[in-house]
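This report concerns only the one structure given below.
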Amino acid sequence: MTDRKESVKTDPSVDGGKADREEKLPRRDWIVLPTLSVLTICLLAIAMELTGRWMFPDRVTTLNNCLIADDPAAGEHGVPNSICTDDFGENGHVEYRFNSRGHRAGRELGPKAPGAYRIVMVGSSIGMGLLVPSENSFGALLPLELERATGRNVELYNECFLWETPRVVAMRIHEVLADKPDLILWIMTSFDVGNANEVLQARAAPRPLGLGAKVWGTAKNSDAGKLLQILLYRSPNSFVKRYLMGDGGSGYLAAKLNADWEGHLRDVDRFAAVVETEATAAGVPVAVTLMPLRAQSSMISMGDWPAGFDPFNMDHQLRRIFESHGGTYLDILPAYQSIPHPEKGFFLMDGHPNVLGHATIGRLLAQKLTSGAVPALNADARTKAAMDPAE
Amino acid sequence: MDGASFQFLGFGLAAALVSNLSRSRVWRSIVLAASSLVFLALLARGATVLVPLAAFLALGYCSLILIERRWLRSAAWSIVAILLVYIWLKKYSFLPAGIFLHFPYFALGLSYIFFRVLHLVIEMGDAQEKQHVGMGGYLLYTLNFTTFLSGPIQRYDEFARDQFAENPIALGPRTIGLQLERMVRGFFKVNVLAAVIEMLRVDALAQFALHVPLSAKLASAFELAVLYPFFLYANFSGYIDIVIALARLMRVRLPENFDRPFAAASFVDFWSRWHITLSNWLKTYVYNPLLLALMRRSPSAAVQPFLGVLCFFVTFFLVGLWHGRTSEFLIFGVMQGGGVAINKLWQLGLAQALGRKEYKALAANPVYTAFARGLTFGWFAFTLFWFWADWAQIGKVFAAIGAAPWMGVWLAIWLTATVVLAAWEGLRRALLSIRIADGPLFTGRYARVVYMTVLGVVALAVTVVLNQPAPDIVYKAF
């Protein structure tokens, strides 16, 4: 085989094969090589930025024109009879039509048809169907699913709006009850829990950022930065890892919530008590559900997460709160265990559910509502079997 | 610090800078010693955890002294003692758990230190004229921070030739540029290529647990098998690139550990291109002496080629077994040894059947080479399941789609690897054939500056965006 003493094999392309002398660099290379490097960096940055812009054009929205965002008595709500648009790179063109009450309900609320079952939906931007066409939002799909399952005429009046936090829902409960619902469906997200006591979108002056944070912010928000994030975070595993290591926005996924989150849950409890008390007095049941965010749904689907985290913890906490006040909790999170790649149901950059995500939510909610949670909406056995949330 | 991180690069570059403040071998040795001790201290984070390592080093050095002074006639007992202590400290699972040390201690890099110590002891035992190895030289050699975590496994004489040279090897702007380029390449391989491949691989693995159609699982099975060899190559060779470059900046030439392993057209050839220093070490200290010993006992010419096959099996079984302490690595070793042995038997059989000249012509045939290359890759990819997975995972993965579909997957891997690797070799040859005055256009310094800049910028951007600790170097765990 080989001789006992193996001579060192060096990479001839690295060392030139001779270590005792070195070829001199031509003088011009002292200028040419660094210049070439700088030019390469510039060309690369330009190419990535242009590619990012082409693949993910900036969001152009007129939605602010349809918002009344300075009414602390009622929270943010829509300008009555207004139409606004959103052109969002990942989604294309979306129109927001607000009715005479400033709701993106798809229709006006008239008197209840005889025999109809009226659901009034409350909650924030997910329920409103932000970034998706109205007809593709689960607010529009759910009544159709329920009608198919129950054979009843189901009306769903969507009063969800941006920043409709638990405090705003509690503030508006009389208005909601005045719409004579048979059921109040309350859509919550961990974002709502984290802002439970807020009325309007926080408008505090932004904290001054250090240079590092400014550079990072500029890079992250550049089109090249967005392109890179989208490419790298397509992998659910990679996205979850990054999300859990992030800047504290993932605190709701902790197995043991910190003091801030415990405080938010106490706020939710307070507002839940108000809503349930009023609704009970009016004889209207309240059903609450927690919508998972992208990382949460991926963790549940993969069935794998690092120690110290629990994607079901917030779910358990909210169930405890709402059931203690006599409400009904619709637990859709476990269903994500049998949904492969639920992250495909969310916009990559924004995080709101996309059309696929809304369809999934609609199916899951319909399945829960017709499985005994709300007796008036019980489906028959054949229809229940057909409503497999994994399909 | 124990990976291909910015911190490790910065540390290494700082050590190289300080080392080059003087050409004096004393100065360079002091700097290497100090850097290595600081590196060890940063990894160990405590003195008491280093006691077993220190004792192991002391055992090695005492053995050297005893042999040098001829107080021990042969190195055999020292070798056995060092081997037993190594196995004990590494907690090989075939030993009863009760005999292990039950306090936490530092064992990173022990496998590589083991090879270096054993090499010194064997060479000292064999040499007629015993050459003294000072304590300083011994510690510099065994604890050298550039080779501490994952090798390469360097011979002492080669280390001493460079480290203790009166006139250190040349280090000018061209060499510095080449080393910086190599570091960028290594950093990119670990922090971008390996990281991205690992993301894809983990997603493919997760797919097996999901309710997806069989076609999706077959695709995942294909991905899972194909991705890991590339991940391992990028992860390990990337770190090796960095340490070789750092050592060169400190005027020490480390041996190469990889030589385009996926270009290998046989499993025997593969192991002369993958983790080269490990297979060379075992060939030198296991294969050669074992073959000589067996040939002395069986002088029959007809048997000798088969003795070579047996020695290949034993050598590469040990290559596999060295990687881990559990039964999975035992099987991994059997597969490495078996793969090499069967390959050798195939070569022998074919040469006998066709005749040597015809066999050589066949081996040079591009179609035969392509299929052989694909098979080599496929076999290596298959054996790696016992490298990264435990029995439970192996069971789940193979049960997820059943035996017949897995056969189909392996066939697809073989055929795909045949075509893709052949295409790559062809493309590489074509690109290298485009020449300018100084040599191939695409290995000229201008082209290299451009694509190293691209690799560097992309590596920096990806590292910043991912914002995660540098990926672990797989081979540091051995």
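A note on names: the letters A, B, ... follow the listed sequences, proteins ahead of strands, and every chain is numbered from 1.
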Distance, nearest 0.5 Å, that separates OG1 of A/Thr40 from CG of B/Leu455: 11.0 Å
Close side-chain approach of A/Ser235 to B/Arg201, heavy-atom, < 4.5 Å: no
Interatomic distance, A/Asp29 atom CG to B/Arg445 atom CZ [nearest 0.5 angstrom]: 4.0 Å
Contact class of B/Arg251 relative to chain A, heavy atoms under 4.5 angstrom: neither
Under 4.5 Å from a heavy atom of chain B, the part of A/Leu44 involved: side chain
Selection from B/Thr277, B/Thr443, B/Val462 maximising heavy-atom pairs under 4.5 Å formed with chain A: B/Val462
Euclidean distance, A/Glu343 CD relative to B/Asp203 CG, rounded to 0.5 Å: 7.5 Å
Chain B contact via A/Asp304 - side chain, backbone, both or neither, heavy atoms under 4.5 Å: neither
Part of B/Val196 lying under 4.5 Å from any heavy atom of chain A: side chain
Side chain to side chain contact (heavy atoms under 4.5 Å, CB included) assessment of B/Gln207 paired with A/His341: CA-CA 9 Å; B/Gln207 187 95 308; A/His341 302 297; 2.6 Å; yes
Closest non-hydrogen atom pair, A/Ser37 against B/Thr453: OG-OG1, 2.9 Å
Heavy-atom pair count under 4.5 Å with chain A, highest-scoring of B/Val212, B/Leu200, B/Val454: B/Val454
Toward chain B, the part of A/Val32 with a non-hydrogen atom under 4.5 Å: side chain
Heavy-atom pair with the smallest gap, counting every atom of A/Leu36 and B/Tyr446: CD2-O, 3.6 Å
B/Gln304 CD: over 12 foreign heavy atoms closer than 6.0 Å: yes
